[in-house]
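Atom set for the values below is all heavy atoms of this structure, side chains included, hydrogens, waters and symmetry mates excluded. One-based numbering along the sequence shown.
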Amino acid sequence: MGVIQLKNLLHRVLPLLMTLLFSVTLFTGCEEDDGSGHTFKMNLASNPANLDPQMAEDISSRTVIANMMDGLVKVTETGAIEPDAARSYNISDDGKTYTFELKKNIMWEGAEGFKAKMTADDFVFAFQRIFDSKALHSPYVEKFSCIKNASQVSSGKMSPDKLGVSAEGDYTLIIELEYPCYEFLSLLATTAAMPCNRLFFESTKGKYGLAAEATISNGAFYLKEWNYDPYWDNNYIIMRRNKSNSSVDYVYPYSLNFFIKDEENDISDFKNGSIDCVIADSYDPALLKGNNYNGYSTKSYGLVFNVNNAYFKDQKLRYALAASFNREMYGDKLPENYTAAYGIIPEAVTVLGKSYRTLSADTGLSLYDRSKAAGVWIDTLSEMELTTLENIKITVPESFDGADNLNYVTEQWQQNLGFFCGIEVVSQNEYDLKISENSFDIALVELTADKSVYEYFNLFIQGKGELEGYVDYAVKGSLYGVQRAENLSKAVELYTAAESQIINSAVYVPLFYGKEYFVYSPESSDIVYQPFTREIDFRYAKYFD
């Protein structure tokens with residue numbers, strides 16, 4: 001080939017080569033800048049009490065476990081329930097048999113080099129541990145009591161192998177129930193239903209979940225280091241990507257660093273860049289500005305009357321106070337992070353992935369009837385040979401930042417009933433003491449979204465704490481029915497009856513729903529926060545610097 005021909009060829013080909021090279025560079029750059037490889041950092045309010053899923057209850061423990069283990073199913077960011085360690089599942093027509101086909105390529109991995117395939121027996125063993133009366137006193141016995149033979153196993157009348165959870169081969173799991181349970185899939189998405197490898201558990205000799213070397217992961221991250229000393233201020237947990245499972249379902253972060261600190265450090269640590277995300281209990285415009293955030297109605301505030309009090313044991317007097325103020329009078333006057341509450345359950349509490357409040361609206365629960373309330377008030381006081389109540393106070397813990405909001409209620413009591421009620425803000429210790437000693441008249445109570453709808457209403461059949469002396473058997477009957485509800489519609493019907501009964505008894509008066517905010521850096525995305533459980537899932541979290 002001549003020189004001129006070569007020049008002509010290069011003249012034609014070189015631009016094509018440059019274009020191709022540029023395209024490859026762009027493509028490679030996009031791949032490298034997919035947001036993966038970051039070490040995400042977050043504070044934990046306390047040292048995890050136990051990383052044994054069948055025992056752990058505190059939020060710090062459950063947050064670590066949620067990033068360390070995969071259950072049969074999971075709740076997505078939108079609230080939907082999807083297969084997780086299972087690749088598919090089937091529910092029998094009578095709602096009593098659940099069959100799960102497990103993924104075959106999920107591995108257990110640990111800091112000490114333990115490796116094994118996850119199998120159906122890992123779930124069988126986990127559920128047997130919950131109910132084994134000789135080996136474990138799990139706090140989740142009642143929650144999973146719908147499983148066949150659960151009560152007989154937990155009472156010691158049957159051996160754990162008689163529990164209605166069995167394996168057919170390595171990758172088929174069958175769970176049989178005593179009766180249909182509409183929320184069983186939701187229960188399987190909780191950390192309590194995570195698997196437990198029998199061989200590894202036995203090798204820990206009683207230390208399972210209590211140290212890094214005594215934990216293993218079948219999820220996105222494994223526990224590499226866990227340093228905690230109550231007399232040291234540099235406590236932390238380091239988790240690393242589980243490479244085996246990342247090849248199955250890609251894990252974006254390289255690692256997670258959890259710093260164990262008092263919650264008072266969270267906001268300042270986030271602002272100075274020490275951590276990537278924070279949960280803020282109150283509205284802080286300076287914190288939210290320039291950051292990514294989502295607000296969730298997670299808290300419910302109401303007044304509880306002391307039913308052991310000589311006055312408030314009378315339901316008619318409680319009714320008069322509950323029915324004499326109009327929430328519409330203060331709904332639009334509340335700060336940004338509060339809304340008027342007509343019911344007990346805040347919006348963030350879900351049932352089968354749906355907000356309970358969308359399934360059962362609270363607007364029809366109001367007792368407000370000014371004239372009727374005034375008549376009942378006068379008549380009831382007359383029966384007591386009184387003209388009014390004196391020296392009555394609402395006891396409020398200083399942690400509640402909306403004490404001024406209570407003025408909207410007491411002002412209406414004053415105008416509509418001629419009742420003057422004081423507000424006393426006390427330290428948390430003093431508040432707890434007053435509650436334990438039953439030395440309060442009316443108390444402001446905060447209910448948080450880390451409870452299920454069932455657990456919220458269950459408070460009103462136990463008669464403990466602020467509700468000591470009050471047990472509602474009608475609510476108890478509704479909850480008994482809920483446990484055996486065949487479908488969501490029936491369960492919501494029973495829950496609505498329970499909520500109406502509680503409000504009509506006027507032992508608890510809903511006032512406000514409060515928001516919390518999940519805030520994360522502008523460089524971050526796809527960090528999944530579950531306000532219902534307060535757990536944070538980092539599997540798909542990305543960071544773009």
- Item | Sequence neighbours excluded - ring-ring contact (aromatic ring centres under 6.0 Å, His included) pairs with any residue from residues 36-56 |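 ring-ring contact (aromatic ring centres under 6.0 Å, His included) check on residues 36-56 returns His38-Phe40, His38-Tyr543, Phe40-Phe538.
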- Which ring-ring contact (aromatic ring centres under 6.0 Å, His included) pairs, counting each pair once, include a residue from residues 45-67, with sequence neighbours left out?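 Listed once each, the pairs would be none.
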- Ser246: what forms a side chain to side chain contact (heavy atoms under 4.5 Å, CB included) with it, not counting sequence neighbours?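 Here the qualifying residues are Arg241, Tyr250, Val251.
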- Name all residues meeting the side chain to side chain contact (heavy atoms under 4.5 Å, CB included) criterion together with Asn234; count only those two or more places apart in sequence or in a different chain, and write none if there are none.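 With sequence neighbours excluded, Asn234 shows a side chain to side chain contact (heavy atoms under 4.5 Å, CB included) to Trp232, Tyr236, given in chain and number order.
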- Task: Output every pair passing salt bridge (Lys or Arg N to Asp or Glu O under 4.0 Å) with a member in residues 342-353, not counting sequence neighbours, ordered by first then second residue.
- Result: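 Qualifying pairs, neighbours excluded: none.
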- Message: Regarding Lys115 and Glu109, does a basic nitrogen lie under 4.0 Å from an acidic carboxylate oxygen?
- Response: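 Answer for the salt bridge query: yes.
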- Query: With a 4.0 Å cut-off, would you call Arg357 and Glu499 a salt bridge?
  - Reply: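 Yes, charged N to carboxylate O under 4.0 Å.
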- Message: Going by the rule side chain to side chain donor-acceptor pair (under 3.5 Å), which residues pair with Ser46 if we only count those two or more places apart in sequence or in a different chain?
- Response: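 Per chain and number, Ser46 pairs via side chain to side chain donor-acceptor pair (under 3.5 Å) with Ser60.
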- What pairs with Ser61 under side chain to side chain donor-acceptor pair (under 3.5 Å), at least two apart in sequence or on another chain?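 Counting only residues at least two positions away or on another chain, Ser61 forms a side chain to side chain donor-acceptor pair (under 3.5 Å) with Asp58.
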Aromatic ring proximity, centroids under 6.0 angstrom, [Y] and [X]:
| X | Y | result |
| --- | --- | --- |
| Tyr529 | Tyr296 | yes |
| Phe221 | Tyr254 | no |
| Tyr338 | Tyr513 | no |
| Phe127 | Phe144 | yes |

- Message: Just to verify, what does Glu264 make a salt bridge (charged side-chain N to carboxylate O under 4.0 Å, His left out) with, not counting sequence neighbours?
- Response: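 Glu264 satisfies salt bridge (charged side-chain N to carboxylate O under 4.0 Å, His left out) with no other residue.
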- Message: Can you list everything that forms a salt bridge (charged side-chain N to carboxylate O under 4.0 Å, His left out) with Asp249? Sequence neighbours excluded, please.
- Response: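 Arg539.
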- Do the numbers put Arg327 on top of the ring of Tyr342, so that NZ or CZ is under 6.0 Å from the six-membered ring centre and no more than 45° off the axis?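 Yes, cation above the ring, under 6.0 Å and within 45°.
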Acceptor/donor pairs from residues 198-209 side chains to any protein atom, 3.5 angstrom cut, sequence neighbours excluded:
unit_1	atom_1	unit_2	atom_2	d
Arg198	NE	Asp121	OD2	3.2
Arg198	NH2	Asp121	OD1	2.9
Ser203	OG	Phe200	O	2.6
Thr204	OG1	Phe201	O	2.7
Thr204	OG1	Tyr208	N	3.3

- Just jot down the ring pair (Phe, Tyr, Trp, His ring centres under 6.0 Å) partners of Phe457, sequence neighbours excluded, or say none.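 Ring pair (Phe, Tyr, Trp, His ring centres under 6.0 Å) list for Phe457, sorted by chain: Tyr495.
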Enumerate donor-acceptor pairs with a distance under 3.5 Å from any side-chain N or O in residues 265-275 to protein atoms, sequence neighbours excluded.
unit_1	atom_1	unit_2	atom_2	d
Asn265	ND2	Asp262	O	3.3
Asp266	OD1	Asn43	ND2	3.0
Ser268	OG	Asn265	O	3.0
Asp269	OD2	Asn43	ND2	3.0
Asp269	OD2	Lys261	NZ	2.9
Asn272	OD1	Ser274	N	3.0
Asn272	OD1	Ser274	OG	2.5
Asn272	ND2	Ser268	O	3.2

- Shortest non-hydrogen contact from Tyr140 to Gln54?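 Distance-wise, the nearest heavy atoms are CD1-O, 3.6 Å.
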